[in-house]
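We're numbering straight along the sequence, starting at 1. Just so it is clear, the structure is predicted and the values come from calculations on it, not from any experiment.
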Amino acid sequence: MPAGTSCGSIVLTQSTSQSITTGNSVSCNAGGLHSDNSYFRSFPLTADINVCEVQFGVETAAGAGGTQPVTVNLYSGTGAFPGTFPGSYTQIGTASVNVPDQSATIFPATVSGLATAGSNLVVEVFTPDGQTAGNSFFIGSNASGESAPSYLQAADCGVTTPTTTGAIGFAGMNIVMNVVGNPGGPSLTVGSAQATLVDQCASNPGQSNGVIEPGETVTVQVPISAAGGSFTGVVATLGIPAPAGITYVNSTSNIGSLADGNSATATFTVTADAGATCVTGFSLPIDVTSNEGTTASGSVASQIGESGNVTPNETLPIAIPDNSPGTPATSTITIGQDLTLTDLSVAVAINHTWVGDTTITLTSPAGTTVTLLDRPGVPAGTFGCSNDNMDVVFSDSASVDPETSCPGTTPWLSGPVLPAQALSAFAGESTLGTWTLSVTDSAAGDTGDVVDWGLLPTPGLTGVCTVCQGGGGPPAAAIDLPTLSTWSKLALGMFAIAFGALILRRRSIQR
C-alpha cells in the first residue's frame, strides 16, 4: 500500500507494486544531469476527490546543493488523455517542492485540487532542466505491472507530447505515482512543500544564514488551505513529541476563519538544542483542527547543519598539455579530516577530443600513486580510442572496463568504470593532506581540459556546523558523523557539466 496517506481517506494508484527498482527508469539527460522531463499518469474518476497529496517514486535524486526543485501539477478534463491534452484540460492545482537527495524512496508532495466525477485527473511530475545547476533526477519505477500506462514528455529528446514509456522503448518502466485525497466536499490541507524556515542566532547575526545550527531559534511558517468549503476555529499545532534535538517555543498557531479557496500562514517557533547532532535531519509534525470537525495533517522536514564537501584547490578547467607525456596537468584536493580509508572512488570529468591520448593518475598524501586510466584502446590500436570526453566515476566495484571500451558516443563513457589499477591500494591510508590528480596527453593533434574531479571516500567526510552561543561569546565549532546526504552532495558536484547531445538513458549506462 502507498505510504503516508494520513491527509486523506482516498488513495488512487495504478501501480501493482510500490517498490522502486534501481536502474529501471530513464530521463532525458546528459552525463546524468537532466533536461526538462515531465512524468504523467491519468486517473479516470467515478467520484469527486479533493486531492491533498501526490506521492511519486524516486529512483535517485542528487542535487548540487543537497536538494532540487520539482513541480507537481494537477489537471482535470473530460477529453481523452493524452489526445486532447492540454487543450481540453484545466489546471486545478500546483505545488513546487524541494526534493532532498535520496534514493529508492517515495516522496510525498502536498498539493490541493478538486476533481469531479466523470473527469480524468491528470498528474504531472515536472523536473526542470538541471544542467546548469548540476541536478540529477530519475523517477522511481518498477516492472511489476500497472493498471494504466505511464507517460513521459521530454522535448529535448524529441518526445514532444506525453508518450507511454512502452512506446519509447521502455515498457518495463512502470512509474510509481499515487494520489491521496478526500471525498468531494470541504477539506483542509497543510502546505508542507511551501513551508519556510528562518534561522536566527542573536549572539552572532552573521550566523543567520539559512543553515539551522545548534543553539539557533527557528521561525517556521507553513500555509494552511481550505477547499470545497469554509471553516472556522482553525488551529494548527506541532505534534508531540518534538523531534530529537528540537525544543518547541511556540507550538500553536490560531488561524481562525478560513474561506473556501483561501490560505493562511501558521507560524511556529522552535529552537535547535545547543547539543543537537550536526548534519541530522528532523521532521516537524503538524496537525490542523476546525470547529466543523474537518482535520488535516502534514510535516515540515529540514536538517541541522550542512553536509561536508571538498573541491579542487585550483580554478578549473585546466588545459592538458598536448603530446607531453612528461608534463601532466595537475589538480589538488586538500582534506583536513583524518579518516582511515576502507574504500575510495574518484569522479573525473574531462573534455578531450581523443580519449585514447589520455592517462590519469591519483597520488595520495602518503605518496601512493594509482593509475586510473591508461590510454584506452592502446595497445590494441596504435592511436587508442577516438571518442570524445568523459564523465566517469572510477570504482573498484564497477563492471565497465574503460581500457577496452570505445562505443563511438559522446561522451565516451559516463557513470561507474573500473580503474586501470585497483583503488584498494589506498585502503588503510589517511584522508588527511593533499591528493593530486595528474592527466597527460601522449599524442599530437587533439587537446582537452580537466573540467572537474573529486574524491568519494569511505567512510564519508563529516559535516560541520557552528554552535550559536546563547550567552554570547564566540561561536564554537561542532563536528559530527556524516549522513548519506554528504555522499550525495559531493558525488553530484563532480557532474556539474553536461556533455554532448541529450539522450534518454538509464542512470548507469553499461556499454
message: Checking Gln55 against Val11 for the side-chain contact (heavy atoms from CB on, under 4.5 Å) test, could you report, in this order, the C-alpha distance in whole Å, the side-chain angles of both residues, the deciding distance, and whether it holds?
response: CA-CA 10 Å; Gln55 303 167 351; Val11 179; 5.7 Å; no
- request: Under the side-chain contact (heavy atoms from CB on, under 4.5 Å) rule, what do Thr311 and Leu316 come out as? Steps first, then yes or no, please.
  value: CA-CA 10 Å; Thr311 57; Leu316 300 178; over 6 Å; no
message: Please determine whether side-chain contact (heavy atoms from CB on, under 4.5 Å) holds for the pair Asp287 and Thr295, giving the CA-CA distance in whole Å, both sets of side-chain angles, and the decisive distance to 0.1 Å.
response: CA-CA 7 Å; Asp287 298 310; Thr295 62; over 6 Å; no
field: Steps toward side-chain contact (heavy atoms from CB on, under 4.5 Å) verdict (Val417, Phe394)
entry: CA-CA 5 Å; Val417 298; Phe394 293 100; 3.6 Å; yes
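Residues Leu455 and Phe426 are not in side-chain contact: their nearest non-hydrogen atoms beyond the backbone lie 4.5 Å or more apart. By the 4.5 Å heavy-atom criterion applied to side chains, Glu59 and Ile20 are counted as neighbours. In this structure, the side chains of Leu114 and Ile92 stay at 4.5 Å or more apart for every pair of heavy atoms. Between Asn37 and Phe137, every side-chain heavy-atom pair lies at or beyond the 4.5 Å cut-off. Using a 4.5 Å cut-off on side-chain heavy atoms (C-beta onward), Ser103 and Val58 make no contact. Residues Ile212 and Leu197 form a side-chain contact, since some pair of their non-hydrogen atoms from C-beta on lies under 4.5 Å apart. Inter-residue side-chain proximity for Gln18 and Thr13 is flagged as met; some heavy-atom pair is nearer than 4.5 Å. Taking the side chain as every heavy atom from C-beta outward, Ile360 and Met390 approach each other to under 4.5 Å.
A distance of 7.0 Å separates OG in Ser299 from CD1 in Ile286, rounded to the nearest 0.5 Å. Between the CG atom in Leu188 and the OG atom in Ser225 there is a gap of 8.5 Å [rounded to 0.5 Å]. Note that the OG1 atom of Thr431 and the CG atom of Asp338 stand 6.0 Å from one another [nearest 0.5 Å]. Note that the NE2 atom of His34 and the SG atom of Cys157 stand 12.5 Å from one another [nearest 0.5 Å]. Rounded to the nearest 0.5 Å, atoms CD (Gln153) and CD1 (Ile168) are 11.0 Å apart. Atom-to-atom distance recorded for Tyr89:OH and Ser42:OG is 5.0 Å, nearest 0.5 angstrom.
Arg41 places no side-chain N or O within donor-acceptor distance of the main-chain N or O of Ser15, the cut-off being under 3.5 Å. Formation of a donor-acceptor pair under 3.5 Å by the Thr334 side chain with backbone atoms of Thr434 is not found in this model. For Asn250 (side chain) and Phe268 (main-chain N/O), no donor-acceptor pair under 3.5 Å exists by modelled atom type. In this structure, Asn313 contributes its side chain and Ser331 its backbone to no donor-acceptor pair below 3.5 Å. For Ser150 (side chain) and Ile175 (main-chain N/O), a donor-acceptor pair under 3.5 Å exists by modelled atom type. Without hydrogens or angle criteria, Thr265 side chain to Gln221 main chain gives no donor-acceptor distance under 3.5 Å. Under a 3.5 Å cut-off, the side chain of Ser136 and the backbone N or O of Gly32 do form a donor-acceptor pair. A donor-acceptor contact shorter than 3.5 Å links the side chain of Thr409 to the backbone of Pro411. Of the possible polar contacts, none joining the Thr247 side chain to the Thr271 backbone as a donor-acceptor pair under 3.5 Å is found. Side-chain atoms of Gln131 never come within 3.5 Å of backbone atoms of Asp129 as a donor-acceptor pair (strictly under, hydrogens ignored).
For the pair Phe138 and Val26, the tightest heavy-atom approach, listed with the atom from each and the gap, is CD2-C, 4.1 Å. For the pair Ala109 and Val72, the tightest heavy-atom approach, listed with the atom from each and the gap, is CB-CG2, 3.9 Å. Smallest separation of non-hydrogen atoms from Pro69 and Asn135: CD-ND2, 3.9 Å. Annotation for Ile333 and Pro312: closest pair CG1-CA, 3.6 Å, computed over non-hydrogen atoms. Closest approach of Ser345 and Leu423 over heavy atoms only: CA-CD1, 4.2 Å. Nearest heavy-atom pair, Ala276 versus Ile304, reported as atom, atom and distance to 0.1 Å: CB-CD1, 3.7 Å.
A donor-acceptor contact closer than 3.5 angstrom links the side chains of Ser25 and Ser141. In this model, a donor atom of one side chain and an acceptor atom of the other lie less than 3.5 Å apart for Glu146 and Asn174. A donor atom on one side chain and an acceptor atom on the other are found under 3.5 Å apart for Ser38 and Glu124. With no hydrogens or angles considered, a side-chain donor-acceptor pair links Ser112 and Thr189 at under 3.5 Å.
Ring-plane geometry between Tyr151 and Phe81 is classed as perpendicular, the angle between the planes exceeding 60 degrees on a 0 to 90 degree scale with a lower cut at 30. Using cut-offs of 30° and 60° for the angle between ring planes, the Phe40 and Phe85 rings count as perpendicular.
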